[in-house]
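Report on the following structure.
All figures in this text were calculated on a predicted structure; none of them were measured in a lab.
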Amino acid sequence: MAAPLISVRDLHYRYPDGTQALRGVDFTLEAGETVVLLGANGSGKTTFALHLNGLLPGGDKVRVCGLPAIPANLPEIRRKVGVVFQNSDEQLFMANVLDDVAFGPLNQGLPPEEAYALARSALSEVGLEEAGERVPHHLSAGQKKRAAIAGVLAMDPAVLILDEPTVFLDPPGQRNLFDLLDKLPQAKIVVTHDLHLARRLGTRALFFREGRIAGEGPVDAVIRQFEWEVETPESAVNSDGNRRGS
């Protein structure tokens, strides 16, 4: 039997201000899975996800493709686990879309011709093959999301982590995103308040409460068990339009 892509054992994390964000989390991710992380804001979902590619320190409590998440392994772990952030503008900062998508492979030291070939292939995979010369901030919200995903795909990851991927998308943009994610072969971890997304794509759900996994199993079963605690996308946004932390 193949080893899991990600294995987490007894993961604890306390923020510098003293907030205890994770309290002994255990988790495994197998190839082909799409695991959705549900729970109220502040329950530990995003904190947990950020440990899985070394954005927060996991040490030997976190293993990715057999590698402990110690500093020496982080460059390889970050290649294997790509993160798509909630706000696509945080990932799109170059003069044009093609340069943005090629940034990762170039930063890995690949020759420019190889890096840009990977970037063009990734843009084609997300349906943006004609957008390479466009300025990123001229794209629609849905196009920005796909461009951010392309930037991760250009690194050929084994796992995709997506933080609230449907935020800022209108219904057509959400449907296009569902279709794209459904066809991508990578294992996925999706932090979301969107129950439609969870039901459409998830093969398994985890429900976080106060830094612990309070329940896990088939998506519909977990939603039924905890639905009274699950926030809608609208209720997870502050009055100024900004999403609260999770």
Side-chain angles (χ1 to χ4, degrees), residues 2-7 29-34 49-59 62-163 165 176-177 179-190:
L5 293 175
I6 294 177
S7 176
L29 178 73
E30 306 290 346
E33 285 195 291
T34 296
L50 294 179
H51 280 83
L52 304 183
N53 86 330
L55 289 174
L56 290 175
V62 177
R63 288 183 173 267
V64 176
C65 299
L67 297 173
I70 59 175
N73 292 334
L74 292 185
E76 180 64 10
I77 285 172
R78 288 171 180 160
R79 190 190 68 77
K80 293 180 180 297
V81 180
V83 178
V84 181
F85 293 104
Q86 180 184 135
N87 186 350
S88 300
D89 288 332
E90 294 178 3
Q91 293 181 254
L92 303 173
F93 50 84
M94 302 293 284
N96 63 51
V97 172
L98 183 62
D99 286 345
D100 260 316
V101 178
F103 178 84
L106 287 170
N107 201 45
Q108 279 189 313
L110 294 182
E113 56 274 18
E114 186 176 347
Y116 279 94
L118 289 171
R120 292 187 183 93
S121 176
L123 284 172
S124 178
E125 194 168 3
V126 302
L128 288 180
E129 53 267 44
E130 304 300 324
E133 300 306 316
R134 294 184 63 183
V135 178
H137 70 259
H138 290 167
L139 300 178
S140 70
Q143 289 170 327
K144 287 180 180 180
K145 185 68 67 175
R146 285 187 281 153
I149 292 171
V152 172
L153 293 178
M155 303 286 284
D156 191 27
V159 179
L160 295 177
I161 295 176
L162 300 107
D163 188 12
N176 290 336
L177 179 67
D179 291 341
L180 169 61
L181 295 178
D182 206 22
K183 74 178 184 180
L184 293 177
Q186 286 86 358
K188 303 170 193 73
I189 297 171
V190 185

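In this structure, Gln143 contributes its side chain and Leu128 its backbone to no donor-acceptor pair below 3.5 Å. Under a 3.5 Å cut-off, the side chain of Glu125 and the backbone N or O of Ala154 do not form any donor-acceptor pair. A side-chain donor-acceptor contact under 3.5 Å links Arg78 to the backbone of Asn53. Not one N or O on the side chain of Lys183 forms a donor-acceptor pair closer than 3.5 Å with the backbone of Leu181. Of the possible donor and acceptor atoms, none in the side chain of Asp100 sits under 3.5 Å from a partner among the backbone N and O of Gly151. A donor-acceptor pair is defined here as one N or O able to donate and one able to accept, closer than 3.5 Å; such a pair exists between the side chain of Lys145 and the backbone of Gln86. Of the possible polar contacts, one joining the Glu33 side chain to the Glu30 backbone as a donor-acceptor pair under 3.5 Å is found.
Looking at every heavy atom in both residues, Ala122 comes nearest to Val101 through CB-CG1, 4.1 Å. Closest of all the heavy-atom pairs between Phe85 and Glu90 is CB-OE1, 3.8 Å. For the residue pair Leu98 and Ala119, the shortest heavy atom distance occurs at CD1-CB, 3.7 Å. The shortest non-hydrogen separation linking Leu74 to Gly54 is CD2-CA, 3.8 Å. Taking each heavy atom of Val97 and Ala147 in turn, the nearest pair found is CG1-CB, 4.2 Å.
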